[in-house]
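Numbers restart at 1 for each chain; the letters A, B, ... are given by sequence-line order, proteins then strands. All values below come from the heavy atoms of this structure, side chains included, with hydrogens, waters and symmetry mates left out.
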Amino acid sequence: NAGVTQTPKFQVLKTGQSMTLQCAQDMNHNSMYWYRQDPGMGLRLIYYSASEGTTDKGEVPNGYNVSRLNKREFSLRLESAAPSQTSVYFCASSGTTGTYTEAFFGQGTRLTVV
Amino acid sequence: DAKTTQPPSMDCAEGRAANLPCNHSTISGNEYVYWYRQIHSQGPQYIIHGLKNNETNEMASLIITEDRKSSTLILPHATLRDTAVYYCIVLMWGTGRRALTFGSGTRLQVQP
């Protein structure tokens, strides 16, 4: 049981390049999320997916697109990377047992845009 | 979701109890208090949650005041590995709230 797996762990991009961050969970959770964390800051929600086939914008969606490929996988795409997108990106999933909902996070993708 | 207020930083001696406060004076009746922590830029980790009763698990205890306007996370015997940023989050999962919203948290430094 790996939980939430993100790939890659590190990435350096040049301004204007594109890339896709991959996320997969093996907990059969309906909801998945993408956050970014800038140095010294809390996590900010980029996009989330409440269930397979649905996606919604979070607090900071500009410059990103997402795809909920299936129940397990939720990818984040940067079409034209900018230095302002240098950040650590976290994927998460959440599941509910009774009245208790818990979110699990991946270990992050550290992205530098030069 | 109710806003939370936490001190930006705290120190604690190793082996002593760490008491991390959180103010959530605008909490509504169906909102839970969740605590997560983030160790050295790893992904946040769930610690504990509660509605109105005090809760305890293998990691920590959560004390919620009777009026639910504030809470305290207690790490009973802090170790160096508990050095982390601790986030207090108030929310009710479900329609209208689909994700955790993180503030700045409290940076806890456990001193040897």
Exercise. Are Phe102(B) and Tyr87(B) close enough that their ring centers fall under 6.0 Å?
Worked result: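 For Phe102(B) and Tyr87(B), the ring centres are under 6.0 Å apart.
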
Exercise. Hey, would you say the Tyr35(A) and Phe90(A) ring centroids sit under 6.0 Å apart?
Worked result: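 Distance test on ring centres: not under 6.0 Å, no.
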
Exercise. By a 4.5 Å heavy-atom criterion (distance strictly below it), what part of Arg110(A) contacts chain B: side chain, backbone, both, or neither?
Worked result: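 Contact with chain B: side chain only.
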
For this session: With a 4.5 angstrom heavy-atom cut-off, could you sort out which part of Gln45(B) is near chain A: side chain, backbone, both or neither?
Result: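 Neither part, no heavy atoms under 4.5 Å.
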
Exercise. Going by the angle between their ring planes, with limits at 30° and 60°, are Tyr32(B) and His49(B) parallel, tilted or perpendicular?
Worked result: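 Tyr32(B) and His49(B): tilted rings.
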
For this session: Tell me, out of Arg44(A), Gln37(A), Met41(A), who's got the most heavy-atom pairs with chain B below 4.5 Å.
Result: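 Sorted descending by pairs with chain B, the first entry is Gln37(A).
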
Exercise. Counting heavy-atom pairs under 4.5 Å to chain A, which of Pro44(B), Ser41(B), Ser104(B), Gly105(B) comes out on top?
Worked result: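 Answer, by heavy-atom pair count under 4.5 Å with chain A: Pro44(B).
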
Exercise. How far does CD of Glu14(B) sit from CG of Leu80(B), to the nearest 0.5 angstrom?
Worked result: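 CG of Leu80(B) is found 4.0 Å from CD of Glu14(B).
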
